[in-house]
Amino acid sequence: MKKCLPIIFAALLMVSALTGCAGRNSSPEQNNATAPSGETTISQPVTSTTGASSPTVSPTASAAYEKLIAYKTENYGEHSIADFNTTLAPTPDELTEFLAAVADVGSTISPSDENYDFFTTTITFSSQELYCEHMEEELTFSMPLSKQSRPCDYLDEDGETVYNFSCFVEANVAYSINAPKLVTVAERDKALLTFKEEMQNYLNGLSEEEIVGGDIKKMLIDKSTELANSLSTENMKLSPCGIYMIKIHNAGTEITK
């Protein structure tokens, strides 16, 4: 039911950047485009704030939190992807409601919340899988990477450390679950998180000279190919990463690759 499209887009803009569909690489202008004729546009949930980083949890977000946390059963990780995702949203209408709840929670949850990992991994992965299946789009795992070194002896206006060298990478990994009845939630989560962790470790291990002077894009793709091969199984296939931007700041000089 394509009438679900506007609220699904709103939800996707609010969830964690860990995963996404191929369409997420479009520009913000495209993501905020007017819905096709005849559809009702539903805007993104807006959370009021009392400070720069202190969101006020609305009754809607609180209800959404309770709705989603109910899926964190004692053995949820042992469920198959097929069974778990079906439980989350058995019908298109329920998918709309589910993604709206994901959006509400994503706009308010704090990293200190004891259920933060559940929401930003398991729920996020499953919500994107359900959305991409509904829209018949390729499923991808969003994988931002960064390396920073040589901290300065001063902070920025937000009190954060400033670095003389930094490298930021925007990438994603396409994957497919060929046998959702045979892949558990825990197996999926581990495969995707391991891929990102190993790619981040690889970038951390490169020297500044290798990043600036070498073919950093090729190096990252080669590493991701190695990881995709080692982490793929007969039931779940991962592809080498697609890299969309590499931005390097080196002592005041900016390089975009």
Side-chain angles (χ1 to χ4, degrees), residues 1-33 35-36 39 80-86 88-89 91-92 95-96 98-99 102-103 106 120-145 169-185 187-200 217-218 220-246:
M1 295 174 65
K2 301 302 182 183
K3 68 179 183 180
C4 301
L5 182 61
I7 194 167
I8 291 174
F9 267 138
L12 289 177
L13 292 173
M14 301 301 290
V15 298
S16 169
L18 284 177
T19 70
C21 300
R24 291 189 64 215
N25 296 319
S26 58
S27 66
E29 291 76 14
Q30 290 172 312
N31 285 338
N32 292 324
E39 296 182 358
S80 71
I81 295 298
D83 291 343
F84 185 75
N85 286 2
T86 299
L88 297 175
T91 68
L95 174 59
T96 300
F98 170 68
L99 292 178
V102 173
T120 58
T121 53
T122 301
I123 290 295
T124 295
F125 293 151
S126 285
S127 66
Q128 296 288 0
E129 287 165 4
L130 286 165
Y131 170 77
C132 291
E133 179 182 7
H134 178 74
M135 298 303 297
E136 299 180 351
E137 294 187 3
E138 180 182 47
L139 181 62
T140 62
F141 168 52
S142 182
M143 192 179 62
L145 305 170
V169 180
E170 289 187 9
N172 64 20
V173 176
Y175 73 98
S176 60
I177 301 176
N178 306 320
K181 279 283 188 181
L182 301 178
V183 179
T184 67
V185 171
E187 289 170 340
R188 177 203 61 189
D189 291 0
K190 182 178 179 180
L192 297 180
L193 292 179
T194 297
F195 200 117
K196 183 179 188 303
E197 181 181 2
E198 290 301 317
M199 286 299 296
Q200 182 62 64
K217 183 174 183 178
K218 181 179 184 301
L220 290 171
I221 292 176
D222 288 348
K223 179 62 178 179
S224 73
T225 300
E226 172 190 324
L227 286 169
N229 291 335
S230 66
L231 292 171
S232 291
T233 66
E234 182 179 352
N235 299 322
M236 179 175 173
K237 302 291 185 182
L238 293 93
S239 301
C241 66
I243 297 178
Y244 299 94
M245 187 190 72
I246 300 176

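Phe125 contributes atom CZ, which lies 8.0 Å from atom OG1 of Thr120 (distance to the nearest 0.5 angstrom). To the nearest 0.5 Å, atoms NZ (Lys181) and CG (Asp83) are separated by 4.0 Å. Rounded to the nearest 0.5 angstrom, Ile177 CD1 and Ile81 CD1 are separated by 4.5 Å. In this structure, CD on Gln128 lies 9.0 Å from OG on Ser142, to the nearest 0.5 angstrom. Remark: Glu129 CD to Phe84 CZ distance equals 10.0 Å, nearest 0.5 Å. Atom CG of Leu238 is separated from atom OG1 of Thr225 by 11.5 Å, given to the nearest 0.5 angstrom.
Within the 4.5 Å cutoff, side-chain heavy atoms of Leu88 are placed close to those of Ile123. Inter-residue side-chain proximity for Ser232 and Tyr175 is flagged as unmet; no heavy-atom pair is nearer than 4.5 Å. The closest side-chain heavy-atom distance from Glu138 to Ser176 is not below 4.5 Å. The shortest distance between side-chain heavy atoms of Phe98 and Asn85 does not fall below 4.5 Å. Considering only heavy atoms from C-beta on, Met199 comes within 4.5 Å of Leu220 through its side chain.
Under a 3.5 Å cut-off, the side chain of Ser230 and the backbone N or O of Leu227 do form a donor-acceptor pair. Panel note: side chain Ser80, backbone Leu182; no donor-acceptor pair is recorded below 3.5 Å. The backbone N or O of Thr124 sits less than 3.5 Å from a side-chain atom of Ser127, completing a donor-acceptor pair.
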As a quick check of understanding, evaluate side-chain contact (heavy atoms from CB on, under 4.5 Å) for Asn178 and Glu234, giving each step before the final call.
CA-CA 8 Å; Asn178 306 320; Glu234 182 179 352; over 6 Å; no

Step by step, would you call Val173 with Thr140 a side-chain contact (heavy atoms from CB on, under 4.5 Å)?
CA-CA 5 Å; Val173 176; Thr140 62; over 6 Å; no

Using the rule given for side-chain contact (heavy atoms from CB on, under 4.5 Å), can you reason through Tyr244 versus Asn172, listing the C-alpha separation, both sets of side-chain angles and the distance that settles it, and then say yes or no?
CA-CA 8 Å; Tyr244 299 94; Asn172 64 20; 3.4 Å; yes

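Closest heavy-atom contact between Phe141 and Leu192: CE2-O, 3.1 Å. Closest of all the heavy-atom pairs between Met236 and Ala191 is CE-CB, 4.1 Å. Taking all atoms of both residues into account, the shortest heavy-atom contact from Cys241 to Ala171 is CB-CB, 4.5 Å. Across all their heavy atoms, Arg188 and Val183 have their closest contact at N-CG1, 4.2 Å. Across all their heavy atoms, Ala228 and Ser239 have their closest contact at CB-C, 3.7 Å.
Between Glu187 and Lys190 there is no salt bridge, since no side-chain N of the basic residue sits under 4.0 Å from a carboxylate O of the acidic one.
Heavy atoms of other residues, nucleotides or ligands lying less than 6.0 angstrom from NZ of Lys217 number 12 at most.
Of the residues Thr194, Thr122, Thr184, the one that meets the side chain to side chain donor-acceptor pair (under 3.5 Å) test with Asp189 is Thr122.
Looking only at atom types and distance, the side chain of Thr233 has no donor-acceptor partner in the side chain of Asn235 under 3.5 Å away.
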